Amino acid sequence: MTGILRDALDRDEPFTVLWDLRAMRPPSRAALKYGVDWMGLPRNVEAIDALVEGTVIIAGSAIVRTLCRWVLHVCQPPQPVRICRDEAAALTAAKELH
């Protein structure tokens, strides 16, 4: 995942991130730590802040949507985030953010 994100950042073009969590399995602690550490590298922080216009999350489960809202409350991302129940709503939201 970080390789794909790095490739997108290296294009130096604004983009919207789409996370589809409908079939997500919880990541391991090691995977979470790796992702958090990678996102915290100065090179990545600067590029993410400059290029990511927004994030759209697809979460079909009410429990996952609630967890997403909690994480967003804690993290306070600088870009707008939309949480949607299905793909159609997510694509509409992504177009609005871009």
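This structure is a prediction, so every number in the text was calculated from the model and none was measured.
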*Asks:* Could you state the interatomic distance from CZ (R69) to CZ (R65), rounded to the nearest 0.5 Å?
*Replies:*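 Reported to 0.5 Å precision, the distance equals 6.5 Å.
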*Asks:* Given a cutoff of under 4.5 Å between side-chain heavy atoms of I, L, V, M, F, W and Y, with clusters grown through shared members, what are the other residues clustered with V36?
*Replies:*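 Under the 4.5 Å side-chain rule, V36 groups with nothing.
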*Asks:* Between I83 and A59, which heavy-atom pair has the shortest distance, and what is it?
*Replies:*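 Heavy-atom minimum between the residues: CG2-CB, 4.4 Å.
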*Asks:* By the rule that ILVMFWY residues connect when side-chain heavy atoms come within less than 4.5 angstrom, directly or transitively, which residues belong alongside L18?
*Replies:*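 Direct or chained contacts put L18 with V56, I58, L97.
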*Asks:* When you group the ILVMFWY residues by side-chain heavy-atom contacts below 4.5 Å and let the links chain together, are L91 and L21 in the same group?
*Replies:*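 No: no chain of side-chain contacts under 4.5 Å links L21 to L91.
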*Asks:* Return the set of residues passing side-chain contact (heavy atoms from CB on, under 4.5 Å) with F15 (not counting sequence neighbours), or none when no residue passes.
*Replies:*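 F15: side-chain contact (heavy atoms from CB on, under 4.5 Å) contacts with L5, A8, L9, V17, L51, V52.
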*Asks:* Considering only residues two or more places apart or on different chains, which pairs with a residue in residues 47-59 satisfy side chain to side chain donor-acceptor pair (under 3.5 Å)?
*Replies:*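 Sorted pair list: E53-H98.
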*Asks:* Is there side-chain contact between P77 and L72, with at least one heavy-atom pair below 4.5 Å?
*Replies:*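 Yes. Closest side-chain heavy atoms under 4.5 Å.
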*Asks:* Please list all pairs meeting salt bridge (charged side-chain N to carboxylate O under 4.0 Å, His left out) that have one or both residues in residues 37-46, counting only residues at least two apart or in different chains.
*Replies:*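 Listed once each, the pairs are D10-R43, K33-D37.
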*Asks:* What residues form a side-chain contact (heavy atoms from CB on, under 4.5 Å) with T2, not counting sequence neighbours?
*Replies:*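 For T2 the side-chain contact (heavy atoms from CB on, under 4.5 Å) partners, ignoring immediate neighbours, are Y34, W38.
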*Asks:* Surrounding CE of M39 (heavy atoms of other residues, nucleotides or ligands, distance under 6.0 Å), is the total greater than 12?
*Replies:*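 For M39, atom CE is not crowded (no more than 12 foreign heavy atoms under 6.0 Å).
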*Asks:* By the rule that ILVMFWY residues connect when side-chain heavy atoms come within less than 4.5 angstrom, directly or transitively, which residues belong alongside I63?
*Replies:*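 None; I63 is a cluster of one.
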*Asks:* For residues 76-98, which residue pairs pass the salt bridge (charged side-chain N to carboxylate O under 4.0 Å, His left out) check, not counting sequence neighbours?
*Replies:*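 Pairs touching residues 76-98 that pass the test: R22-E87.
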*Asks:* Are V64 and M1 linked, directly or through other ILVMFWY residues, by side chains that come within less than 4.5 angstrom of each other?
*Replies:*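 Yes, one cluster joins them.
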*Asks:* Restricting to non-hydrogen atoms, name the atom on R6 and the atom on A47 that form the minimum distance, rounded to 0.1 Å.
*Replies:*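 Residues R6 and A47, closest heavy atoms: NH2-CB, 4.2 Å.
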*Asks:* Hydrophobic cluster mates of W70, side-chain heavy atoms under 4.5 angstrom, ILVMFWY only, any path?
*Replies:*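 L67, V71, V74, listed by chain and number.
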